[in-house]
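Below is one structure; the comments refer to it alone.
Labels below follow one simple rule: chain letters A, B, ... track the order of the sequence lines, proteins then strands, and each chain is numbered from 1.
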Protein chains: 2
Amino acid sequence: MSTVGTEKSVREGSLEKRKAILAAARDLFVRQGVDRVSMDAVAAGAEVSKRTVYDYFGDKRRLFLAILTDASQSLMATACRALDEHLPEGAQITTVPQLEKAFTALAIDLGTSIVGSADYAAGFALVAQERLRTPTTEDDIATVVVEEAFAKRIADFVDAGLLDTDNPRLAADHFFALTILLAYNRQPVPANPAPDKVRQSMIDGAHAFIRAYATR
Amino acid sequence: MSTVGTEKSVREGSLEKRKAILAAARDLFVRQGVDRVSMDAVAAGAEVSKRTVYDYFGDKRRLFLAILTDASQSLMATACRALDEHLPEGAQITTVPQLEKAFTALAIDLGTSIVGSADYAAGFALVAQERLRTPTTEDDIATVVVEEAFAKRIADFVDAGLLDTDNPRLAADHFFALTILLAYNRQPVPANPAPDKVRQSMIDGAHAFIRAYATR
DNA sequence: CGCACACTACACCGTGCAGTGTAGTAGCTG
DNA sequence: CAGCTACTACACTGCACGGTGTAGTGTGCG
(Lines give C-alpha, C1' and ligand atoms only; values in the text may rest on other atoms or scores of the structure.)
Protein backbone atom coordinates (compact mmCIF):
# COMPACT_ATOMS: atom_id res chain seq x y z
CA MET A 1 0.00 0.00 0.00
CA SER A 2 2.69 2.41 0.94
CA THR A 3 5.81 1.08 -0.69
CA VAL A 4 5.20 1.89 -4.29
CA GLY A 5 8.59 1.03 -5.68
CA THR A 6 10.11 3.72 -7.80
CA GLU A 7 12.44 0.99 -8.92
CA LYS A 8 10.37 -1.86 -10.22
CA SER A 9 11.11 -4.66 -7.80
CA VAL A 10 14.86 -4.90 -7.66
CA ARG A 11 15.46 -4.05 -4.05
CA GLU A 12 12.59 -2.43 -2.32
CA GLY A 13 14.12 -3.27 1.03
CA SER A 14 16.77 -1.53 3.04
CA LEU A 15 16.79 2.09 1.96
CA GLU A 16 13.10 2.16 1.27
CA LYS A 17 12.24 0.96 4.74
CA ARG A 18 14.84 3.15 6.32
CA LYS A 19 13.21 6.15 4.75
CA ALA A 20 9.78 5.03 5.84
CA ILE A 21 10.89 4.62 9.42
CA LEU A 22 12.58 8.00 9.48
CA ALA A 23 9.54 9.69 8.00
CA ALA A 24 7.08 8.03 10.33
CA ALA A 25 9.19 8.68 13.37
CA ARG A 26 9.77 12.27 12.36
CA ASP A 27 6.08 12.97 11.95
CA LEU A 28 5.16 11.31 15.20
CA PHE A 29 7.98 12.94 17.13
CA VAL A 30 7.14 16.37 15.83
CA ARG A 31 3.47 16.02 16.50
CA GLN A 32 3.54 14.38 19.91
CA GLY A 33 7.02 14.88 21.27
CA VAL A 34 9.73 12.26 21.37
CA ASP A 35 8.95 10.96 24.81
CA ARG A 36 5.32 10.33 24.15
CA VAL A 37 5.87 8.25 21.07
CA SER A 38 6.54 4.58 21.67
CA MET A 39 8.75 2.58 19.42
CA ASP A 40 5.76 0.38 18.73
CA ALA A 41 3.96 3.40 17.41
CA VAL A 42 6.91 4.25 15.19
CA ALA A 43 6.98 0.74 13.84
CA ALA A 44 3.27 0.78 13.22
CA GLY A 45 3.50 4.15 11.53
CA ALA A 46 6.22 2.92 9.22
CA GLU A 47 4.32 -0.32 8.60
CA VAL A 48 7.33 -2.26 9.76
CA SER A 49 8.00 -4.60 12.62
CA LYS A 50 9.38 -3.10 15.78
CA ARG A 51 12.33 -5.44 15.54
CA THR A 52 13.26 -3.96 12.19
CA VAL A 53 13.29 -0.49 13.66
CA TYR A 54 15.74 -1.65 16.27
CA ASP A 55 17.80 -3.54 13.69
CA TYR A 56 18.08 -0.37 11.62
CA PHE A 57 18.65 2.22 14.30
CA GLY A 58 19.49 0.26 17.39
CA ASP A 59 18.13 2.78 19.78
CA LYS A 60 15.48 5.39 20.26
CA ARG A 61 18.12 7.98 20.86
CA ARG A 62 19.98 7.07 17.72
CA LEU A 63 16.80 7.03 15.71
CA PHE A 64 16.15 10.50 16.95
CA LEU A 65 19.63 11.66 16.04
CA ALA A 66 19.25 10.15 12.58
CA ILE A 67 16.09 12.16 12.11
CA LEU A 68 17.89 15.25 13.26
CA THR A 69 20.79 14.97 10.87
CA ASP A 70 18.39 14.00 8.11
CA ALA A 71 16.26 17.06 8.68
CA SER A 72 19.33 19.21 9.07
CA GLN A 73 20.75 18.15 5.73
CA SER A 74 17.42 18.51 4.03
CA LEU A 75 17.01 21.97 5.45
CA MET A 76 20.50 22.98 4.44
CA ALA A 77 19.95 21.76 0.91
CA THR A 78 16.64 23.57 0.60
CA ALA A 79 18.00 26.79 1.99
CA CYS A 80 21.12 26.74 -0.17
CA ARG A 81 19.10 26.01 -3.27
CA ALA A 82 16.73 28.83 -2.49
CA LEU A 83 19.63 31.15 -1.86
CA ASP A 84 21.30 30.29 -5.13
CA GLU A 85 18.05 30.56 -6.99
CA HIS A 86 16.91 33.93 -5.73
CA LEU A 87 20.23 35.57 -5.00
CA PRO A 88 22.62 34.04 -7.54
CA GLU A 89 26.27 34.99 -7.61
CA GLY A 90 26.12 36.89 -10.85
CA ALA A 91 24.12 39.76 -9.45
CA GLN A 92 21.85 41.34 -12.00
CA ILE A 93 20.31 43.20 -9.14
CA THR A 94 21.07 46.87 -9.34
CA THR A 95 18.15 48.65 -7.69
CA VAL A 96 16.54 48.44 -4.30
CA PRO A 97 13.12 47.42 -5.66
CA GLN A 98 14.75 44.55 -7.50
CA LEU A 99 16.45 43.59 -4.29
CA GLU A 100 13.20 43.66 -2.36
CA LYS A 101 11.63 41.51 -5.01
CA ALA A 102 14.41 38.97 -4.76
CA PHE A 103 14.37 38.95 -0.97
CA THR A 104 10.62 38.57 -0.94
CA ALA A 105 10.80 35.66 -3.33
CA LEU A 106 13.47 34.07 -1.20
CA ALA A 107 11.42 34.51 1.93
CA ILE A 108 8.31 33.08 0.34
CA ASP A 109 10.25 30.15 -1.01
CA LEU A 110 11.72 29.36 2.38
CA GLY A 111 8.46 30.01 4.14
CA THR A 112 6.42 27.70 1.99
CA SER A 113 9.14 25.09 2.31
CA ILE A 114 8.64 25.25 6.04
CA VAL A 115 4.93 24.86 5.86
CA GLY A 116 4.92 22.40 3.00
CA SER A 117 7.56 19.98 4.09
CA ALA A 118 7.74 18.57 7.55
CA ASP A 119 11.52 18.38 7.41
CA TYR A 120 12.24 21.94 8.31
CA ALA A 121 9.61 22.20 10.98
CA ALA A 122 10.88 18.90 12.27
CA GLY A 123 14.36 20.24 12.57
CA PHE A 124 13.16 23.32 14.36
CA ALA A 125 10.75 21.58 16.67
CA LEU A 126 12.95 18.65 17.50
CA VAL A 127 16.01 20.71 18.14
CA ALA A 128 13.91 22.99 20.29
CA GLN A 129 12.63 19.99 22.18
CA GLU A 130 15.98 18.42 22.66
CA ARG A 131 18.11 21.49 23.11
CA LEU A 132 16.79 21.62 26.64
CA ARG A 133 17.33 18.02 27.48
CA THR A 134 20.54 16.74 26.06
CA PRO A 135 23.67 18.09 27.65
CA THR A 136 25.55 17.08 24.50
CA THR A 137 24.28 19.87 22.32
CA GLU A 138 26.49 19.70 19.31
CA ASP A 139 23.83 17.91 17.32
CA ASP A 140 22.53 21.34 16.61
CA ILE A 141 21.12 22.07 13.26
CA ALA A 142 23.59 23.89 11.08
CA THR A 143 21.55 26.98 10.49
CA VAL A 144 24.81 28.78 10.94
CA VAL A 145 26.19 27.79 7.56
CA VAL A 146 23.16 29.08 5.72
CA GLU A 147 23.14 32.27 7.68
CA GLU A 148 26.81 32.82 6.97
CA ALA A 149 26.21 32.34 3.26
CA PHE A 150 23.30 34.72 3.39
CA ALA A 151 25.39 37.23 5.30
CA LYS A 152 27.96 36.98 2.53
CA ARG A 153 25.35 37.96 -0.07
CA ILE A 154 24.24 40.83 2.06
CA ALA A 155 27.82 42.01 2.30
CA ASP A 156 27.98 41.95 -1.49
CA PHE A 157 24.90 44.15 -1.70
CA VAL A 158 26.43 46.47 0.83
CA ASP A 159 29.47 46.77 -1.40
CA ALA A 160 27.17 47.39 -4.33
CA GLY A 161 25.62 50.28 -2.45
CA LEU A 162 22.15 48.77 -2.17
CA LEU A 163 22.18 47.88 1.49
CA ASP A 164 23.58 49.77 4.43
CA THR A 165 25.05 47.98 7.39
CA ASP A 166 28.43 47.31 8.91
CA ASN A 167 27.31 43.99 10.30
CA PRO A 168 25.95 41.69 7.58
CA ARG A 169 25.68 38.78 9.97
CA LEU A 170 23.33 40.77 12.17
CA ALA A 171 21.33 41.84 9.15
CA ALA A 172 20.98 38.20 8.16
CA ASP A 173 19.76 37.39 11.66
CA HIS A 174 17.23 40.18 11.41
CA PHE A 175 16.00 38.94 8.06
CA PHE A 176 15.42 35.48 9.44
CA ALA A 177 13.79 36.87 12.54
CA LEU A 178 11.39 39.00 10.52
CA THR A 179 10.42 36.20 8.17
CA ILE A 180 10.92 32.60 9.12
CA LEU A 181 11.29 32.95 12.84
CA LEU A 182 8.19 35.05 13.17
CA ALA A 183 6.16 32.82 10.91
CA TYR A 184 7.33 29.74 12.71
CA ASN A 185 6.55 31.28 16.04
CA ARG A 186 3.08 32.08 14.90
CA GLN A 187 2.48 28.56 13.72
CA PRO A 188 4.87 25.83 14.79
CA VAL A 189 2.76 22.86 13.91
CA PRO A 190 2.78 22.11 10.20
CA ALA A 191 -0.75 20.83 10.44
CA ASN A 192 -2.99 23.70 9.38
CA PRO A 193 -0.88 25.28 6.67
CA ALA A 194 -2.71 28.54 5.96
CA PRO A 195 -0.27 29.25 3.14
CA ASP A 196 -1.72 32.66 2.41
CA LYS A 197 -0.94 33.89 5.88
CA VAL A 198 2.58 32.56 5.70
CA ARG A 199 3.03 34.17 2.32
CA GLN A 200 1.81 37.48 3.65
CA SER A 201 4.11 37.19 6.65
CA MET A 202 7.03 36.70 4.32
CA ILE A 203 6.11 39.68 2.17
CA ASP A 204 5.72 41.87 5.22
CA GLY A 205 8.92 40.65 6.79
CA ALA A 206 10.99 41.17 3.66
CA HIS A 207 9.47 44.62 3.25
CA ALA A 208 10.36 45.60 6.79
CA PHE A 209 13.85 44.29 6.28
CA ILE A 210 14.34 46.35 3.16
CA ARG A 211 13.01 49.43 4.90
CA ALA A 212 15.46 48.86 7.70
CA TYR A 213 18.52 48.02 5.67
CA ALA A 214 18.25 49.60 2.23
CA THR A 215 20.34 52.64 1.49
CA ARG A 216 18.38 55.81 1.24
CA MET B 1 17.68 25.70 54.80
CA SER B 2 15.46 26.93 52.04
CA THR B 3 12.35 28.16 53.77
CA VAL B 4 13.65 31.29 55.37
CA GLY B 5 10.37 32.73 56.55
CA THR B 6 9.82 36.29 55.50
CA GLU B 7 7.16 36.18 58.12
CA LYS B 8 8.74 35.03 61.36
CA SER B 9 7.06 31.75 62.07
CA VAL B 10 3.35 32.44 61.80
CA ARG B 11 2.40 30.25 58.90
CA GLU B 12 5.22 29.08 56.79
CA GLY B 13 3.05 26.38 55.33
CA SER B 14 0.55 26.38 52.51
CA LEU B 15 1.43 29.24 50.21
CA GLU B 16 5.11 28.96 50.93
CA LYS B 17 5.21 25.33 49.93
CA ARG B 18 2.97 25.89 46.98
CA LYS B 19 5.40 28.45 45.65
CA ALA B 20 8.32 26.14 46.27
CA ILE B 21 6.70 23.32 44.37
CA LEU B 22 5.80 25.56 41.46
CA ALA B 23 9.30 26.98 41.27
CA ALA B 24 11.02 23.62 41.49
CA ALA B 25 8.70 22.05 38.96
CA ARG B 26 9.08 25.00 36.61
CA ASP B 27 12.84 24.85 36.68
CA LEU B 28 12.96 21.13 36.19
CA PHE B 29 10.34 21.13 33.45
CA VAL B 30 12.07 23.89 31.57
CA ARG B 31 15.44 22.30 31.83
CA GLN B 32 14.58 18.70 31.12
CA GLY B 33 11.15 18.67 29.59
CA VAL B 34 7.95 17.77 31.33
CA ASP B 35 7.96 14.12 30.44
CA ARG B 36 11.44 13.45 31.70
CA VAL B 37 10.83 14.91 35.11
CA SER B 38 9.30 12.54 37.62
CA MET B 39 7.01 13.73 40.33
CA ASP B 40 9.52 12.34 42.79
CA ALA B 41 12.09 14.69 41.32
CA VAL B 42 9.71 17.61 41.65
CA ALA B 43 9.05 16.74 45.26
CA ALA B 44 12.74 16.39 45.97
CA GLY B 45 13.47 19.67 44.24
CA ALA B 46 10.87 21.45 46.31
CA GLU B 47 12.08 19.69 49.45
CA VAL B 48 8.61 18.42 50.03
CA SER B 49 7.07 14.98 50.16
CA LYS B 50 5.63 13.61 46.96
CA ARG B 51 2.31 13.21 48.69
CA THR B 52 2.17 16.91 49.37
CA VAL B 53 2.70 17.68 45.72
CA TYR B 54 -0.25 15.52 44.85
CA ASP B 55 -2.32 17.01 47.66
CA TYR B 56 -1.64 20.48 46.32
CA PHE B 57 -1.96 19.93 42.61
CA GLY B 58 -3.62 16.58 42.29
CA ASP B 59 -2.07 15.75 39.00
CA LYS B 60 1.02 16.19 36.90
CA ARG B 61 -1.04 17.77 34.18
CA ARG B 62 -2.65 20.22 36.58
CA LEU B 63 0.69 21.05 38.13
CA PHE B 64 1.92 21.83 34.67
CA LEU B 65 -1.07 24.03 33.92
CA ALA B 66 -0.59 25.85 37.20
CA ILE B 67 2.98 26.61 36.20
CA LEU B 68 1.77 27.82 32.86
CA THR B 69 -0.81 30.25 34.18
CA ASP B 70 1.66 31.36 36.82
CA ALA B 71 4.32 32.13 34.26
CA SER B 72 1.77 33.70 31.98
CA GLN B 73 0.56 36.10 34.62
CA SER B 74 4.07 36.94 35.69
CA LEU B 75 5.04 37.60 32.12
CA MET B 76 2.01 39.75 31.51
CA ALA B 77 2.70 41.79 34.60
CA THR B 78 6.33 42.29 33.69
CA ALA B 79 5.56 43.26 30.14
CA CYS B 80 2.79 45.67 31.07
CA ARG B 81 4.95 47.30 33.70
CA ALA B 82 7.79 47.69 31.22
CA LEU B 83 5.41 49.10 28.66
CA ASP B 84 3.98 51.65 31.05
CA GLU B 85 7.41 52.57 32.28
CA HIS B 86 9.10 53.16 28.96
CA LEU B 87 6.18 54.20 26.83
CA PRO B 88 3.82 55.94 29.26
CA GLU B 89 0.51 57.33 28.11
CA GLY B 90 1.47 60.96 28.48
CA ALA B 91 3.87 60.95 25.57
CA GLN B 92 6.72 63.37 26.05
CA ILE B 93 8.29 61.72 23.06
CA THR B 94 8.39 64.08 20.12
CA THR B 95 11.42 63.07 18.06
CA VAL B 96 12.55 59.84 16.47
CA PRO B 97 15.79 59.63 18.47
CA GLN B 98 13.79 59.92 21.66
CA LEU B 99 11.55 57.16 20.39
CA GLU B 100 14.49 54.93 19.60
CA LYS B 101 15.85 55.53 23.05
CA ALA B 102 12.54 54.57 24.63
CA PHE B 103 12.14 51.49 22.46
CA THR B 104 15.68 50.41 23.18
CA ALA B 105 15.14 50.80 26.89
CA LEU B 106 11.95 48.80 26.63
CA ALA B 107 13.67 46.04 24.71
CA ILE B 108 16.55 45.87 27.15
CA ASP B 109 14.16 45.79 30.06
CA LEU B 110 12.17 42.96 28.57
CA GLY B 111 15.26 41.16 27.41
CA THR B 112 16.97 41.17 30.75
CA SER B 113 13.72 40.11 32.35
CA ILE B 114 13.79 37.06 30.13
CA VAL B 115 17.33 36.17 30.96
CA GLY B 116 17.13 37.08 34.59
CA SER B 117 13.92 35.44 35.59
CA ALA B 118 13.04 31.93 34.65
CA ASP B 119 9.35 32.75 34.45
CA TYR B 120 9.30 34.16 30.98
CA ALA B 121 11.61 31.59 29.51
CA ALA B 122 9.51 29.01 31.27
CA GLY B 123 6.39 30.28 29.62
CA PHE B 124 8.00 30.27 26.23
CA ALA B 125 9.66 26.92 26.55
CA LEU B 126 6.77 25.12 28.17
CA VAL B 127 4.22 26.44 25.77
CA ALA B 128 6.51 25.49 22.92
CA GLN B 129 6.85 22.04 24.37
CA GLU B 130 3.21 21.52 24.95
CA ARG B 131 1.80 23.31 21.94
CA LEU B 132 2.72 20.27 19.93
CA ARG B 133 1.27 17.72 22.25
CA THR B 134 -1.95 18.89 23.72
CA PRO B 135 -4.81 19.09 21.30
CA THR B 136 -6.54 21.46 23.73
CA THR B 137 -4.42 24.48 22.98
CA GLU B 138 -6.23 27.29 24.68
CA ASP B 139 -3.84 27.27 27.59
CA ASP B 140 -1.74 29.50 25.41
CA ILE B 141 0.17 32.28 27.01
CA ALA B 142 -1.55 35.58 26.56
CA THR B 143 1.18 37.30 24.63
CA VAL B 144 -1.63 38.67 22.55
CA VAL B 145 -2.78 41.17 25.15
CA VAL B 146 0.65 42.67 25.52
CA GLU B 147 1.14 42.83 21.81
CA GLU B 148 -2.19 44.53 21.37
CA ALA B 149 -1.28 47.11 23.97
CA PHE B 150 2.06 47.66 22.31
CA ALA B 151 0.36 47.98 18.93
CA LYS B 152 -1.84 50.64 20.44
CA ARG B 153 1.20 52.68 21.48
CA ILE B 154 2.67 52.28 18.04
CA ALA B 155 -0.56 53.54 16.52
CA ASP B 156 -0.29 56.60 18.75
CA PHE B 157 3.21 57.28 17.45
CA VAL B 158 1.96 56.85 13.92
CA ASP B 159 -0.67 59.48 14.63
CA ALA B 160 2.05 61.67 16.10
CA GLY B 161 3.98 61.38 12.86
CA LEU B 162 6.96 59.56 14.31
CA LEU B 163 6.30 56.13 12.91
CA ASP B 164 5.02 55.11 9.52
CA THR B 165 2.85 52.06 9.09
CA ASP B 166 -0.73 51.21 8.33
CA ASN B 167 -0.56 48.03 10.36
CA PRO B 168 0.55 48.68 13.94
CA ARG B 169 -0.10 45.10 14.93
CA LEU B 170 2.35 43.89 12.34
CA ALA B 171 4.88 46.47 13.46
CA ALA B 172 4.52 45.19 17.01
CA ASP B 173 5.12 41.66 15.78
CA HIS B 174 8.22 42.81 13.98
CA PHE B 175 9.51 44.56 17.06
CA PHE B 176 9.14 41.44 19.12
CA ALA B 177 10.68 39.33 16.39
CA LEU B 178 13.71 41.58 16.11
CA THR B 179 14.28 41.73 19.83
CA ILE B 180 12.89 39.10 22.13
CA LEU B 181 12.18 36.37 19.65
CA LEU B 182 15.61 36.57 18.12
CA ALA B 183 17.33 36.70 21.47
CA TYR B 184 15.29 33.83 22.77
CA ASN B 185 15.99 31.81 19.67
CA ARG B 186 19.67 32.40 20.09
CA GLN B 187 19.59 31.24 23.67
CA PRO B 188 16.54 29.40 24.91
CA VAL B 189 17.99 28.01 28.10
CA PRO B 190 18.28 30.62 30.81
CA ALA B 191 21.39 28.94 32.10
CA ASN B 192 24.31 30.91 30.72
CA PRO B 193 22.93 34.42 30.82
CA ALA B 194 25.54 36.39 28.84
CA PRO B 195 23.65 39.60 29.62
CA ASP B 196 25.91 41.72 27.46
CA LYS B 197 25.03 39.77 24.36
CA VAL B 198 21.34 39.97 25.12
CA ARG B 199 21.67 43.68 25.74
CA GLN B 200 23.42 44.16 22.44
CA SER B 201 20.78 42.09 20.66
CA MET B 202 18.14 44.36 22.07
CA ILE B 203 19.93 47.52 21.02
CA ASP B 204 20.44 46.16 17.53
CA GLY B 205 16.89 44.95 17.23
CA ALA B 206 15.38 48.22 18.38
CA HIS B 207 17.66 50.10 16.03
CA ALA B 208 16.62 47.98 13.07
CA PHE B 209 12.99 48.45 14.02
CA ILE B 210 13.36 52.21 14.11
CA ARG B 211 15.13 52.19 10.77
CA ALA B 212 12.29 50.16 9.31
CA TYR B 213 9.38 52.03 10.81
CA ALA B 214 10.41 55.59 11.55
CA THR B 215 9.13 58.31 9.28
CA ARG B 216 11.78 59.83 7.09
C1' DC C 1 -5.47 16.15 77.75
C1' DG C 2 -7.57 15.08 73.02
C1' DC C 3 -8.55 16.67 68.49
C1' DA C 4 -7.53 18.46 64.06
C1' DC C 5 -4.31 19.71 60.74
C1' DA C 6 -0.34 19.74 57.74
C1' DC C 7 2.98 17.13 56.45
C1' DT C 8 6.36 13.17 55.81
C1' DA C 9 8.05 8.57 54.91
C1' DC C 10 7.20 4.61 52.78
C1' DA C 11 5.19 0.83 50.81
C1' DC C 12 2.56 -0.37 47.14
C1' DC C 13 -0.05 -1.13 42.49
C1' DG C 14 -0.66 -0.93 37.63
C1' DT C 15 0.93 0.23 33.45
C1' DG C 16 3.44 1.57 29.62
C1' DC C 17 7.45 1.16 27.33
C1' DA C 18 12.50 0.37 25.84
C1' DG C 19 14.84 -3.21 24.37
C1' DT C 20 15.75 -8.42 23.43
C1' DG C 21 15.38 -13.18 22.03
C1' DT C 22 13.40 -16.39 19.03
C1' DA C 23 10.79 -19.05 15.94
C1' DG C 24 8.95 -18.79 11.55
C1' DT C 25 8.29 -17.16 6.62
C1' DA C 26 9.23 -15.43 1.99
C1' DG C 27 12.45 -14.77 -1.58
C1' DC C 28 16.78 -15.04 -3.77
C1' DT C 29 21.13 -17.63 -5.15
C1' DG C 30 23.99 -21.48 -6.17
C1' DC D 1 17.48 -28.89 -2.74
C1' DA D 2 20.13 -26.13 1.03
C1' DG D 3 21.50 -21.84 2.74
C1' DC D 4 21.37 -17.08 3.21
C1' DT D 5 19.07 -12.60 3.86
C1' DA D 6 15.51 -9.69 5.19
C1' DC D 7 11.83 -9.37 7.69
C1' DT D 8 7.67 -10.34 10.82
C1' DA D 9 5.06 -11.79 14.81
C1' DC D 10 5.19 -12.38 19.35
C1' DA D 11 6.43 -13.33 23.82
C1' DC D 12 9.03 -11.66 27.45
C1' DT D 13 12.04 -8.88 30.96
C1' DG D 14 13.11 -5.10 33.63
C1' DC D 15 12.36 -0.74 34.99
C1' DA D 16 10.62 3.78 35.66
C1' DC D 17 7.02 6.37 36.84
C1' DG D 18 2.12 8.15 37.90
C1' DG D 19 -0.74 7.86 41.41
C1' DT D 20 -2.69 6.07 46.01
C1' DG D 21 -3.22 4.52 50.75
C1' DT D 22 -1.61 4.67 55.30
C1' DA D 23 0.74 4.95 59.52
C1' DG D 24 3.33 8.14 62.07
C1' DT D 25 5.10 12.88 63.61
C1' DG D 26 5.01 17.56 65.11
C1' DT D 27 2.20 21.67 66.17
C1' DG D 28 -1.43 24.66 67.54
C1' DC D 29 -5.90 24.92 69.96
C1' DG D 30 -9.98 24.05 72.75
(request) Could you tell me the separation between the CG atom of B:Leu63 and the C1' atom of D:dG19, rounded to a whole number of Å? (result) 14 Å
Between the protein and nucleotides 10-12 of chain D, which nitrogen or oxygen pairs come in under 3.5 angstrom?
none

(request) Would you please classify the geometry between the A:Phe175 ring and the A:Phe103 ring as parallel, tilted or perpendicular, with 30° and 60° separating the classes? (result) perpendicular
(request) Walk me through it: do B:Asp84 and B:Arg153 pass the test salt bridge (charged side-chain N to carboxylate O under 4.0 Å, His left out)? (result) CA-CA 10 Å; B:Asp84 278 340; B:Arg153 306 295 165 102; 3.0 Å; yes
(message) I need the CG-C1' distance between B:Asp40 and C:dT8, as an integer number of Å.
(response) 14 Å
(request) Would you kindly give the CG-to-C1' distance between A:Leu28 and C:dA18, to the nearest whole Å? (result) 16 Å
(request) Find the distance between CG (A:Asn185) and CZ (B:Phe176) and round it off to the nearest 0.5 Å. (result) 11.5 Å
(request) May I ask you to say what B:Val37 touches in the nucleic acid, namely base, sugar-phosphate or nothing, with a heavy-atom cut-off under 4.0 Å? (result) sugar-phosphate
(message) Could you work out how much the helix from C:dC1-D:dG30 to C:dG30-D:dC1 bends, comparing the axis of its first five pairs with that of its last five, to 10°?
(response) 10°
(message) Considering only residues two or more places apart or on different chains, which pairs with a residue in residues 101-110 of chain A satisfy salt bridge (Lys or Arg N to Asp or Glu O under 4.0 Å)?
(response) A:Arg81-A:Asp109
(request) In whole angstrom, give the distance that lies between atom CD of A:Glu47 and atom P of D:dC7. (result) 15 Å
(request) Using the six-membered ring wherever Trp is involved, compare the ring planes of B:Phe29 and B:Phe64 and label them parallel, tilted or perpendicular (cut-offs 30° and 60°). (result) tilted
(request) Measure from OH on B:Tyr56 to C1' on C:dT8 and round the result to the nearest Å. (result) 13 Å
(request) Assign each of B:Val48 and A:Lys60 to its nearest nucleotide of DNA chain C by heavy atoms, then name whichever residue's nucleotide is nearer the 5' end. (result) B:Val48
(request) Measure the CG-CG distance between B:Leu110 and B:Leu75 for me, rounded to the nearest 0.5 Å. (result) 8.5 Å
(message) I want to verify a distance call: between D:dG19, D:dT8, C:dA18, whose nearest atom is closest to the B:Asp59 side chain?
(response) D:dG19
(message) Could you tell me how far apart A:Glu16 (CD) and D:dA6 (P) are, to the nearest whole angstrom?
(response) 15 Å
(message) Could you check whether any side-chain N or O of A:Ser72 sits under 3.5 Å from a backbone N or O of A:Leu68, counting only pairs where one atom can act as donor and the other as acceptor?
(response) no
(request) May I have the distance from A:Asp35 (atom CG) to D:dA16 (atom P), rounded to whole angstrom? (result) 15 Å
(request) Check every atom of C:dA18, C:dC7, D:dA9 against the side chain of A:Ser38 and return the nucleotide holding the closest atom. (result) C:dA18
(request) To the nearest 0.5 Å, tell me how far B:Ile210 CD1 sits from B:Leu99 CG. (result) 4.5 Å
(request) When you get a sec, tell me which of C:dA9, C:dA18, D:dT8 is the closest nucleotide to the side chain of B:Ser49? (result) C:dA9
(request) Give a yes/no on whether any side-chain N or O of B:Tyr54 is located under 4.0 angstrom from OP1 or OP2 of D:dG21. (result) no
(message) Do A:Asp196 and A:Gln200 pair up side chain to side chain, a donor and an acceptor below 3.5 Å, judged on atom types alone?
(response) no
(request) Write down the distance between CZ (A:Phe64) and P (C:dG19), rounded to a whole number of angstrom. (result) 14 Å
